[in-house]
Number of protein chains: 2
Amino acid sequence: MTQTSFCCPDHSGAQDAANILLQAEARAARMGLRLTPVRRRTLEMLIAAHGAMGAYDVLECLAAEGYGTQPPVAYRALNWLVENGFAHRIRRLNAFTACAHPAHDHTAAFLICATCDSVTEAPAGAVSAALSAAAEAAGFVMDRATIEAVGRCSVCVEGTA
Amino acid sequence: MTQTSFCCPDHSGAQDAANILLQAEARAARMGLRLTPVRRRTLEMLIAAHGAMGAYDVLECLAAEGYGTQPPVAYRALNWLVENGFAHRIRRLNAFTACAHPAHDHTAAFLICATCDSVTEAPAGAVSAALSAAAEAAGFVMDRATIEAVGRCSVCVEGTA
DNA sequence: TATCTAACGTTATGTCATAACAATCAAGGC
DNA sequence: GCCTTGATTGTTATGACATAACGTTAGATA
Ligand SMILES: [Zn+2]
Ligand SMILES: [Zn+2]
Ligand SMILES: [Zn+2]
Ligand SMILES: [Zn+2]
């Protein structure tokens, strides 16, 4: 796997795959987090997938490479990656995707294309702030958020227009 | 069922249950939508539940009242309600909730309390606008969105402080 | 080395959701 | 009225997603 950049316009501004992995490794070392073989391989898969993967897709790959063959193996690795900021869960798709910016903590928003199924991580600072403000108006203290938009990506909009 | 107002502070500003149902009926009539017995009963349940209900919870109630006993019965009613703006789906909970403002189309945000499991629908105009803007910056055209915050509601914050 | 804990793997089960098809019902044209 | 047509409701069966519980292994600690 020597891919050094993404292939579609949706990701023109994203870090390339190798760079994402480097950021993740640096962060794991810095925080004393154990990026074990299963976890690391799972993360590599998510990065290479260039989009969202279901837990059972991940499991299939892991099993083919000699790791465990049962669902908890995939779910444990995926949940650990999510909890530690290396990946995100896309609830609308019941799927997971590698974080594009694992170097720093952040709330992410996802742009899900209804036509080509692509998933793009977008900066959600302003959105998160607006949501937090709306919550505060109701006396609600926000810990974390799920923010997902469904529509058409730039490629598919072009095709339709 | 003659409840005319909600019981907890989280909903102090919400329309009361009967009023929500009236709004929904008016809207159905106005738009020529068929609020059939199963659909109407399902909506009433969601309103009375005063929070989110899983599809299988709904199914259990419907079955007990003489409607169908199999999952598609509940899912069809729930999906119809969601598609036509009478209810919302809470993805984080794999559950559904009655729309608090069925009179007009809107993007909703949900405040999910991690302590007491309450779910509150909050106005999401500003949040949706911010998300739409972030999407547009990526050339993405947003159709609809899932916006859910997890944290602690005003009641539970009080208790902890 | 002895001990402790995190991580891994398994079996088994639970929960959520839909495909496919048959029966029924409401509305419009004859 | 009677038939056609599409929407709605019901069923059986299956698929997809996720976790509980427990034993084993591997790394760290003393
Ligand atoms: Zn991220
Ligand atoms: Zn697309
Ligand atoms: Zn609503
Ligand atoms: Zn609460």
Side-chain angles (χ1 to χ4, degrees), chain A residues 28-29 31-46 49 51-84 86-97 112 117 119 146 148 150, chain B residues 28-29 31-46 49 52-84 86-97 112 117 119 146 148:
Chain A
M31 317 259 301
L33 300 171
R34 294 179 53 196
L35 192 57
T36 62
V38 199
R39 293 169 179 167
R40 187 196 159 102
R41 197 68 198 89
T42 300
L43 177 56
E44 287 173 355
M45 270 175 216
L46 292 180
M53 288 183 82
Y56 279 70
D57 296 329
V58 170
L59 177 60
E60 192 176 358
C61 295
L62 289 175
E65 296 181 13
Y67 295 101
T69 62
Q70 302 305 315
V73 171
Y75 280 101
R76 272 200 288 251
L78 289 166
N79 286 331
W80 185 89
L81 290 171
V82 170
E83 279 160 19
N84 291 283
F86 300 107
H88 298 287
R89 185 170 197 152
I90 314 293
R91 302 212 85 108
R92 181 172 285 266
L93 304 177
N94 291 325
F96 301 81
T97 190
I112 304 168
D117 293 322
V119 176
T146 297
E148 300 172 6
V150 178
Chain B
M31 316 261 299
L33 300 171
R34 295 179 52 196
L35 193 57
T36 62
V38 201
R39 293 169 180 166
R40 187 197 157 101
R41 198 67 199 87
T42 300
L43 177 56
E44 287 173 355
M45 268 176 218
L46 292 180
M53 288 183 82
Y56 280 69
D57 296 330
V58 170
L59 177 60
E60 193 177 357
C61 295
L62 289 175
E65 297 182 13
Y67 295 100
T69 62
Q70 302 305 316
V73 171
Y75 280 101
R76 272 198 290 250
L78 288 165
N79 286 331
W80 185 90
L81 290 171
V82 169
E83 279 160 19
N84 292 282
F86 299 106
H88 298 287
R89 186 171 197 153
I90 314 293
R91 303 212 83 111
R92 181 172 285 266
L93 303 178
N94 291 325
F96 301 81
T97 191
I112 304 168
D117 294 322
V119 176
T146 297
E148 300 172 5

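Here the structure is a predicted model, which is why all the values come from computation and not from measurement.
Residue Val38(B) is the one, among Val38(B) and Gln70(B), whose nearest nucleotide of DNA chain D lies closer to the 5' end (criterion: closest heavy atom). Where Pro71(B) and Trp80(B) meet DNA chain D, the nucleotide closest to each residue was compared, and Trp80(B) sits on the side nearer the 5' end.
Between Thr69(A) and the phosphate of dG9(C), there is no side-chain N or O to OP1/OP2 separation shorter than 4.0 Å. Note on Asn94(B): a side-chain N or O is less than 4.0 Å away from OP1 or OP2 of dA17(C).
Which of dT9(D), dA18(D), dA17(C) sits closest to the side chain of Tyr56(A) comes down to dA18(D). With distances taken from any side-chain atom of Arg76(A) to the nucleotides dA7(C), dT10(C), dT18(C), the minimum falls on dT10(C). Checking dG9(C), dC17(D), dT11(D) against the side-chain heavy atoms of Val73(B) singles out dT11(D) as nearest. Here dA19(C) is the nucleotide among dA19(C), dA17(C), dT19(D) with the atom lying nearest to any side-chain atom of Pro72(B).
When heavy atoms are screened at a 4.0 angstrom cut-off, Arg89(A) is found touching the sugar-phosphate backbone but no base atom. Looking at heavy-atom distances under 4.0 Å, Arg39(B) makes contact with sugar-phosphate atoms alone, never a base.
In this entry the distance linking OH of Tyr67(A) with P of dT25(D) reads 18 Å, nearest Å. The interatomic distance linking Leu93(A) (CG) with dC16(C) (P) rounds to 19 Å, in whole Å. Rounding to whole angstrom units, OH of residue Tyr75(B) and C1' of dA20(C) are separated by 18 Å. A straight line from CG of Leu78(A) to C1' of dC17(D) spans 12 Å, rounded to a whole angstrom.
Taking each heavy atom of Arg89(A) and Asn79(A) in turn, the nearest pair found is NH1-OD1, 3.7 Å. Listed here is the closest heavy atom pair of Ala74(B) and Val58(B): CB-CG1, 4.3 Å.
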